[in-house]
Amino acid sequence: VTLILEQIGFAIFCDPFYFIMRRSSTLLKLFSSNDGEELQNHVKRSLRQGGFHEDNFSEEVMRDAYERFLAKNPDFPALNSLRETDFSQLDATTNYETGKEKKPEIYFDYTGAMQPGKSHVMRAAELQTGLALGNPHSSNQTSTMATQWVLRAEKAVLAHMNTDSSEYEVVWTPNASGACRLIAQWFDFGKWGSGAALAISADNHNSVHGIREEALKRGAEVAYLPLDPETLHMNRAAASSILTGDFSKAKPHLKPSMIPNPFSKKAGSGKKLFAFPLQSNVSGVKHSLDWIPYAQERGWLVMADAAAFMPTNFLDLSKYKPDFITMSFYKIFGHPTGVGALVVKKSSFRHLLRKQGWFAGGTISFNSVLASGVSVKAAHEMGPGKESFEEGTVNYSSFIGVYTGLQYMKDIEDIGRKFRAEIGLESSVEVVPEEQNPNWQGNTMLTVQRRVKQLTDYLLQELSELKHPSTSNPLVHIYGKTALNDCERGGIIPLNVFDSEGHPVWHGLVEELANQYHISLRTGCFCNPGVHEAYGQLDVEEMAKLLRRMPQNLRQIDSTRSQWEVNHAINASKPVDHKILLGCVRISIGFPASFPDCFRLVVFFKSLLTLDLARLNSKYEADDFQVINLHPISESEESSEAVEVGDVIGV
């Protein structure tokens, strides 16, 4: 599919950061026509009437709600003081640069980026400014000091996951995407036509989906594990069948013959790679860790994308042993950005084949200009082990921040355990005795996990109860399971807003309204198309019809506009109760989030009940999306027009 999508810029598969960075003046456009002033006043008046405006916001009501919340969650206050001391940037009422008054930030994009804690950043800065570090590609004193910090950070990363360097190694990357790229480039699938395969969950970040391109070029079959449209978990029957070797239930099943110019057509032994996220970055679903040994027992190597999982969960590598783990550290503790890791089981390093070709400083053990005149192949030699995958000088100054960040997470757990012990709850929490494993430093994410779960359950309950007073239709539809105390859901709530008649409201409008009150939400597809296609219950045939109707000039517009056009085409022929949005509003919770944050967010959504959402949505679409008009997908389309998989992927 990507061959066509790359040509037309199909926005479902595009990076939604275009929209976030755009921060367009949509509301200004929305209110720029003749009736704009009246409409603007209507929005402001309605939001005030809904109770969100400071003049009508009741601290007393919030305190009453908090007392009810505490009755269910007595250990929640453990980190309240940390919010006040370490995350004052969220509550600041004065602009740090201009000194002018501002509203506090109500932040709910923790899956996008964790906010950094002040004491962690200050500790990292103190160490950084007190040390003289040199390029670690040397052996002088400053270089040796830098190397020691690199090794210290590696040890801390492995200890955080309850393992050590005897079993795993850390390959430093710019981020989780960089780790995925290493797998895509260097995983040895074997020779073309050898039975090599990539099994990949439909729920995956685009950085993981991208591996399929290299897999197909190297002759591997690609089998997508479909999702259950209601729960958004991997369909257990289909996943079990595919991992057992039966690809008939894959949706879709791609073969190397579908793309031109595979690298090689020599027969050989093939390898199988299974890639899935431990937690979805869209739905918050925690896919079972038991899939790891299940796949390994059936001959698969396993790549676990832990980028969305690790900020609020503990990955115990003494119990579950994936072959490859990808992660980004700014998602865990906010600082530093620009550093991630591919954690590799030592016994699985042999499946990463660093081929001859382009190389960089640090990746080779030998190179000669003159020797290349004798034999290009023999002119250089790749370095051993992980060094051959770390191209150039690693971001060594950031490793101090990685080390202090992981220590910070341990300190947070110590605070939580102490608080629970003081109120008599510690005995109710399962704690593994440290003496059972000398490397065990405790589940450093338990306090974080509990706090995030408590706030998530509060939001799930409050938002799911919101109804339009005129029709009793729900204001929001939350995707995935909404049961409280569900250990299989993380701190992410994906939803869309609907007007009183049940029509979907464009998620971009919801974000623009939230922006007016300093509420940071995330909207779009979040670089994960599979989840949206699953809850929309789209299939390959419908997607094929849609692709045939995509106009060429869609290439020249941004991803937000493209998403709207795609949704318009999909929904034009659907009845009201079957209309969907590909893309949604994502609320993601992190441990710095407070109860007042969540209460204000609920009040904001309650305020939407007082708006004429149908009118606002119509005006928003008319002003921003009025040029391109796609032909709707119709049931009356010629039935004789066959839809072949080859057509879909552009062969």
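Any value given below was found using the heavy atoms of this structure, including those in side chains, with hydrogens, waters and symmetry copies removed.
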Is there side-chain contact between [X] and [Y], with heavy atoms separated by less than 4.5 Å?
X: Trp186; Y: Asp188; value: no
X: Gln279; Y: Asn313; value: yes
X: Val339; Y: Thr337; value: no
X: Arg123; Y: Gln128; value: no
X: Phe189; Y: Leu273; value: yes
X: Met114; Y: Ile332; value: no
X: Val222; Y: Ile200; value: yes
X: Val448; Y: Met409; value: yes

Under 3.5 Å: donor-acceptor pair, side chain of [X], backbone of [Y]:
X: Lys217; Y: Glu213; result: no
X: Arg586; Y: Pro494; result: no
X: Ser588; Y: Thr111; result: yes
X: Asp305; Y: His205; result: no
X: His518; Y: Ile106; result: no
X: His287; Y: Leu278; result: no
X: Gln89; Y: Pro116; result: yes
X: Thr404; Y: Ile400; result: yes
X: Lys102; Y: Ala92; result: yes
X: Ser207; Y: Cys180; result: no

Just grab all the salt bridge (charged side-chain N to carboxylate O under 4.0 Å, His left out) pairs involving [range], residues at least two apart or on different chains.
range: residues 145-154; answer: Glu154-Lys386
range: residues 322-331; answer: Asp323-Lys345
range: residues 198-208; answer: none

Sole residue of Leu342, Val344, Val208, Ile325 in side chain to side chain contact (heavy atoms under 4.5 Å, CB included) with Met303
Val208
Tell me which pairs pass ring pair (Phe, Tyr, Trp, His ring centres under 6.0 Å) where either residue lies in residues 109-129, with sequence neighbours left out.
Tyr107-Tyr110, His120-Phe333, His120-His335, His120-Tyr408
Examine the side chains of [X] and [Y] and answer whether a donor and an acceptor come within less than 3.5 Å of each other.
X: Thr447; Y: Glu413; result: yes
X: Arg522; Y: Asn281; result: no
X: Gln407; Y: Asp411; result: yes
X: Asp86; Y: Ser119; result: yes

Using the test ring-ring contact (aromatic ring centres under 6.0 Å, His included), find all partners of Tyr224 that sit at least two apart in sequence or belong to another chain.
His209
With sequence neighbours left out, write down each residue that passes ring-ring contact (aromatic ring centres under 6.0 Å, His included) with Tyr294, or none if nothing qualifies.
Trp291
Classify the ring geometry between His351 and Phe187 as parallel (under 30°), tilted (30 to 60°) or perpendicular (over 60°).
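Rings of His351 and Phe187: tilted, 30 to 60°.
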Give the ring-plane orientation class for Phe526 versus His532, where under 30° counts as parallel, over 60° as perpendicular and anything between as tilted.
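Phe526 vs His532 ring planes: tilted.
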Locate the shortest heavy-atom distance separating [X] from [Y]; write the atom from each residue and the value.
X: Arg489; Y: Lys453; value: O-NZ, 3.8 Å
X: Pro311; Y: Ala306; value: CD-O, 4.4 Å
X: Val402; Y: Pro336; value: N-CD, 3.9 Å
X: Asn515; Y: Ile519; value: OD1-O, 3.8 Å
X: Lys272; Y: Gly299; value: CE-O, 3.7 Å
X: Leu198; Y: Ala215; value: CD2-CB, 3.9 Å

Any residue meeting side-chain contact (heavy atoms from CB on, under 4.5 Å) with [X], in chain and number order, not counting sequence neighbours:
X: Asn175; answer: Ser177, Ser328
X: Pro293; answer: Glu297, Tyr320
X: Ile415; answer: Leu79
X: Lys346; answer: Glu169

Counterpart residues, salt bridge (Lys or Arg N to Asp or Glu O under 4.0 Å), relative to Asp597 (two or more places apart)
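Asp597 satisfies salt bridge (Lys or Arg N to Asp or Glu O under 4.0 Å) with Arg83 once adjacent residues are dropped.
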Answer with yes or no after comparing the ring centroid distance for Tyr396 and Trp149 against a 6.0 Å cut-off, counting only values under it.
no
Does Ser143 form a side-chain hydrogen bond (donor to acceptor under 3.5 Å, both in side chains) with Asn135? I'd like the steps, not just the answer.
CA-CA 5 Å; Ser143 297; Asn135 191 314; over 6 Å; no
With sequence neighbours excluded, residues passing side chain to side chain donor-acceptor pair (under 3.5 Å) with Ser88
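Here the qualifying residues are Lys118.
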Does the ring-ring contact (aromatic ring centres under 6.0 Å, His included) test come out yes or no for Phe591 and Phe87, once each step is laid out?
CA-CA 11 Å; Phe591 71 87; Phe87 298 93; 5.8 Å; yes
